[in-house]
Amino acid sequence: MDIDFRNQLLPCVSVFAWIFGILLVLMFVANAHFGEAISGFLNGAFGGRNLAYLLTTLSRATLIVGMALAVMISFRAGLFNIGGEGQLVIGGLAAALVGVYMPGPGWLVMATGIVAAMAAGGLWAVLAGVMQLYVGVPLLIGSLLLNYPARYLGSYLVGHPFRDVASGLPQTHLVPNEAWLPLFSGTRLDMGILFIALMSVLAVIYCNSTVPGYRARMNGLAPEFARASGLPVKRIVLQSLLMSGAIAGLVGALAVFGLHHRFTDGMLVQPLYAWTGIIAVLLVGMVPWAVPISGFFFAAIQTGAAGMERTADVPKEIGLIMQAVIILFVAGRISGVSLAGKSGENDNGH
Amino acid sequence: MQVDLSGVTVRFGTLTAVDNVSLHFSPGEIHAVVGENGAGKSTVMNVLFGLIKPAVGTIAIDGAEMQWRNPQDAIARGLGMVHQHFMLQDSMSVLENIVLCSEPVSNLGFVKFNTARARLREIAETYGIGVNPEKRIADLSVTERQIVEILKVLYRDAALLILDEPTAVLTPQEAASLFQILRNFRASGKSIALITHKLDEVMEIADRVSVMRAGKLISTKPIGETSKAEIARGIIGGELPASLTRATQAVGEVVLAVDGLQARGVGKTVGPVSFDVRRGEIVGIAGISGNGQTQIIEALVGLRATTGGQASLLGHTLRGLDVGARRALGMSYIPADRQRVGLALEAKVSENAAIGREGTKAFRNWLFIKRAAMTSFARELIESYHIKVAGPNARTSSMSGGNKQKLIVGRELSRGTPLIIAENPTWGVDIGAIDFIHRELIRMRDAGHAILLVSTELDEVLALSDRILVLYENQIAGEFAAADADRLAIGELMTSRSKVVQVA
């Protein structure tokens with residue numbers, strides 16, 4: 001971590017400086033009052049009456065950080081699983097169906113729904129792994145393409161067999177009230193964030209201190225090395241994907257039981273949780289403890305942009321442009337990292 | 001053309017790679033530059049060729065000071081470099097490769113291949129070398145590729161040829177014919193800079209020799225005023241390590257039995273090959289790289305599927321076992337490519353040291369890894385294998401090539417398995433590390449381990465092996481006992497299908 005830390009910090013600082021600069025220019029273009037916009041942004045992200053906006057940010061951060069953790073687990077193992085979206089949707093579907101149709105006490109329905117969502121998301125990710133190991137479909141492609149069946153399976157199921165026709169929208173019936181995630185008293189923030197906080201801690205422990213975490217990282221750093229050293233490479237692949245997909249499935253379940261209380265077509269896809277999660281991981285170079293912070297940061301940008309629109313009439317698209325700028329910085333940094341890797345390969349002092 | 005490098009200093013960050021070095025290359029002279037890996041000789045050549053800008057120092061041609069912006073400038077002024085690793089486009093013809101980037105172009109923008117062909121013929125006649133210009137590079141032998149590289153330089157009218165380790169991939173016979181070509185160049189008044197670490201070659205062909213060590217020029221002398229021993233002392237900065245001694249010993253039972261093993265190679269099948277390795281012997285496989293060594297090793301280690309035949313370790317068949325299972329059965333593996341296969345460069349030294357052991361009791365506590373055990377194990381390896389590194393928590397990429405290799409060797413040999421497979425175990429490491437690794441391998445042999453050594457360095461195979469197998473075109477072309485191993489006979493088998501198969 002000592003080495004990682006210095007390598008991570010400096011680029012982050014410069015990224016923030018650039019973002020701030022670009023923000024300034026954009027404000028100027030949008031003809032906004034700068035101070036107002038900034039205070040609108042900060043208030044939108046961290047303020048509000050009774051800190052209502054901060055809670056919104058936290059609620060959004062819950063889902064983004066969850067997806068980021070899922071991505072980190074597979075990326076660290078060298079598995080470019082970009083199918084988080086599909087795994088999230090499948091998990092959400094499983095949770096909603098269990099939530100709506102399973103009889104029994106509320107807590108049991110919720111617990112079963114969460115387990116079912118994790119299993120479904122995990123298996124969806126493993127499917128991409130199996131396709132890579134046994135059919136030869138590269139994971140990058142397989143996991144990406146599996147997003148589409150997941151998405152349209154969701155659209156079909158909530159649009160036809162399981163549709164709440166009376167609501168007029170393509171969505172399931174509501175999960176019964178007893179099975180909702182409880183709220184923190186006096187707020188509208190549900191307790192899903194606790195699951196993700198726990199998951200963050202577990203993920204850090206997994207990455208830094210466990211045997212499977214060590215093996216997965218060695219595989220991620222040098223796959224041929226892992227193979228030649230006799231590590232169980234296939235197991236690493238499937239195990240990492242199972243964990244990654246299960247976390248994505250959990251996020252789906254938290255969105256259902258905590259936020260929406262039903263599955264509405266597109267509710268997990270439109271906000272781009274999965275993709276934001278990927279960017280959040282790449283921004284901090286897969287350093288486990290920094291991932292939750294990075295996820296929170298992206299959530300704050302999104303809610304802050306909405307706040308800026310409300311108070312300063314700065315379109316929230318400015319916020320989205322900012323996010324896009326960050327992505328570009330991330331992309332630049334990634335190629336920078338791989339170039340550094342290349343020069344490091346030369347070990348003979350030539 | 002007289003080329004002078006004066007007072008060149010190159011710094012990479014805080015490291016001074018080359019420190020105030022002056023070298024002079026005169027027409028009609030072969031000037032050898034020798035030194036260990038990392039001594040700075042390649043860096044100096046890269047300065048000369050415009051690939052690196054020196055912090056201090058000048059390059060002068062016939063007394064006029066030059067400023068290279070890039071290698072194109074250097075090429076335009078008559079410098080030519082033949083790199084150690086061929087830079088040729090495999091799917092294109094010899095002619096296309098040679099004219100690339102200096103094509104004769106007609107007014108309409110077409111390449112005038114006939115003009116190029118005529119010019120090439122002229123060069124071939126002048127120096128007595130030639131390759132069919134219509135052949136594809138992929139169909140050429142290694143020597144022919146080397147000649148194409150040289151032709152490429154001559155085509156551009158180079159007056160100073162820089163050759164970086166030109167004989168690394170050649171057999172003794174091929175090296176001899178390359179030297180003949182170099183002598184022709186010398187006779188025609190060209191300057192030649194020869195970078196090498198083979199002192200026999202230096203003594204045979206060079207007119208002048210410069211020794212570099214740790215970025216500094218130690219000496220420059222005409223070959224007549226120095227000796228092999230003096231050069232060697234200059235290279236390592238002290239006395240040469242005592243030569244290896246190998247006591248003859250009785251071999252034990254068969255550890256590795258390979259029977260008709262076949263594996264898929266590049267374009268065609270490798271094998272079938274059959275051989276045994278017994279307790280207490282080193283079996284060396286000699287051959288030019290690309291003759292099936294990689295495939296055979298990978299098939300034995302479990303990294304590549306076999307397509308026929310079988311192998312067994314201590315009587316257990318290896319069929320159907322993955323790498324982990326084979327290693328558990330009693331196999332260790334020192335891979336040729338330490339950068340990608342031997343180590344995870346971005347991980348800590350301790351993480352690289354413990355790989356393959358993380359599942360054992362000593363390193364694992366239920367789900368958790370014992371970091372303290374990993375660290376102390378790495379410290380043990382660092383001490384017993386004399387690895388120079390900041391500590392167990394240093395990043396692996398911070399080590400030099402020789403120390404990286406020692407880490408791999410230490411990790412694998414300390415497992416103490418009955419079978420050790422070593423693939424080019426000293427490739428690209430310094431003399432001190434080579435000697436150390438050789439002694440460790442011999443120590444393991446003396447202790448009764450079976451060692452399969454694969455090396456493209458014939459001297460290494462000769463120095464270490466009790467028996468030598470020669471690979472040529474994916475087959476075993478011959479076998480020698482150490483006592484009757486003859487350099488030239490082996491060299492001949494390395495390049496042509498066996499005339500005489502000698503069975504030891």
Side-chain angles (χ1 to χ4, degrees), chain A residues 1-8 75-78 133-134 136 202-237 239 243 285-287 337-350, chain B residues 12 15 17 37-43 45-46 84 164 215 298 301-303 322-328 331 333 335 337-348 351-352 354-356 358-359 363-369 371 374 393-395 397 399-402 404 411 428-430:
Chain A
M1 196 171 287
D2 40 342
I3 314 166
D4 293 336
F5 188 71
R6 263 212 357 238
N7 283 355
Q8 299 317 322
F75 277 23
R76 267 178 80 93
L133 290 179
Y134 300 100
L202 290 180
V204 172
I205 293 173
Y206 163 79
C207 288
N208 290 334
S209 312
T210 68
V211 171
Y214 163 71
R215 285 180 173 164
R217 193 162 74 89
M218 292 302 119
N219 189 58
L221 289 175
E224 288 174 79
F225 163 68
R227 218 173 137 234
S229 303
L231 297 193
V233 175
K234 284 185 180 174
R235 201 168 81 203
I236 292 172
V237 170
Q239 207 170 300
M243 280 189 281
M286 294 177 232
V287 177
V337 165
S338 63
L339 281 179
K342 245 181 202 160
S343 66
E345 257 167 45
N346 196 337
D347 70 343
N348 295 328
H350 289 291
Chain B
F12 297 123
L15 175 86
N37 289 296
K41 48 193 197 306
S42 293
T43 310
M45 292 305 139
N46 286 337
Q84 185 175 1
D164 191 358
E298 286 184 352
V301 175
L303 293 166
D322 65 12
V323 184
R326 290 175 193 219
R327 291 172 70 95
M331 179 190 288
Y333 173 45
D337 185 348
R338 62 174 161 269
Q339 306 280 60
R340 294 192 308 146
V341 187
L343 298 167
L345 293 182
E346 295 307 306
K348 292 175 186 174
E351 290 170 328
N352 274 291
I355 196 89
E358 76 284 344
F363 291 90
R364 158 178 220 155
N365 180 7
W366 182 53
L367 205 55
F368 299 101
I369 193 140
R371 286 271 169 195
M374 268 170 77
N393 288 325
R395 204 187 276 235
S397 57
M399 291 193 282
S400 74
K404 282 179 192 155
R411 177 182 77 209
V429 306
D430 56 79

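Quick note on labels: first sequence line is chain A, next is B, and so on, each numbered from 1. As a basis for the values below, the full set of heavy atoms in this structure was taken, side chains included, without hydrogen atoms, waters or symmetry mates.
By the side chain to side chain contact (heavy atoms under 4.5 Å, CB included) test, B/Ala354 is found to be paired with A/Tyr214, B/Phe363, B/Met374, residues two or more places apart in sequence or in another chain being considered. With sequence neighbours left out, the salt bridge (Lys or Arg N to Asp or Glu O under 4.0 Å) criterion links A/Arg227 to no other residue.
Of the listed residues (B/Pro335, B/Gly342, B/Gly356), the greatest number of heavy-atom pairs within a distance under 4.5 Å of chain A belongs to B/Gly342. Put simply, of B/Gly324, B/Ala344, B/Ala347, the one with the most heavy-atom pairs under 4.5 Å next to chain A is B/Ala344. No other option in B/Leu343, B/Val301, B/Asn365 has as many heavy-atom pairs under 4.5 Å with chain A as B/Leu343. Each of A/Leu231, A/Val211, A/Leu221 has some count of heavy-atom pairs under 4.5 Å with chain B, and the biggest count is that of A/Val211.
The two residues B/Arg340 and A/Ala222 come nearest to each other via the heavy atoms O-CB, 4.1 Å. The shortest non-hydrogen separation linking A/Ser229 to B/Ile355 is CB-CG1, 3.6 Å.
Rounding to the nearest 0.5 Å gives a distance of 4.0 Å between CZ of A/Arg217 and CD of B/Glu351. Here the straight-line distance linking atom CD of A/Glu224 with atom CG of B/Asp337 works out to 7.0 Å at 0.5 Å rounding. Atoms CG and CZ, on A/Asn208 and B/Phe368 in that order, are 11.5 Å from each other to the nearest 0.5 Å.
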- So B/Asn352 and A/Phe225, side-chain contact (heavy atoms from CB on, under 4.5 Å) or not? Walk me through it. CA-CA 10 Å; B/Asn352 274 291; A/Phe225 163 68; 3.2 Å; yes

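No part of B/Arg326 comes within reach of chain A, as not one of its non-hydrogen atoms sits under 4.5 angstrom from that chain.
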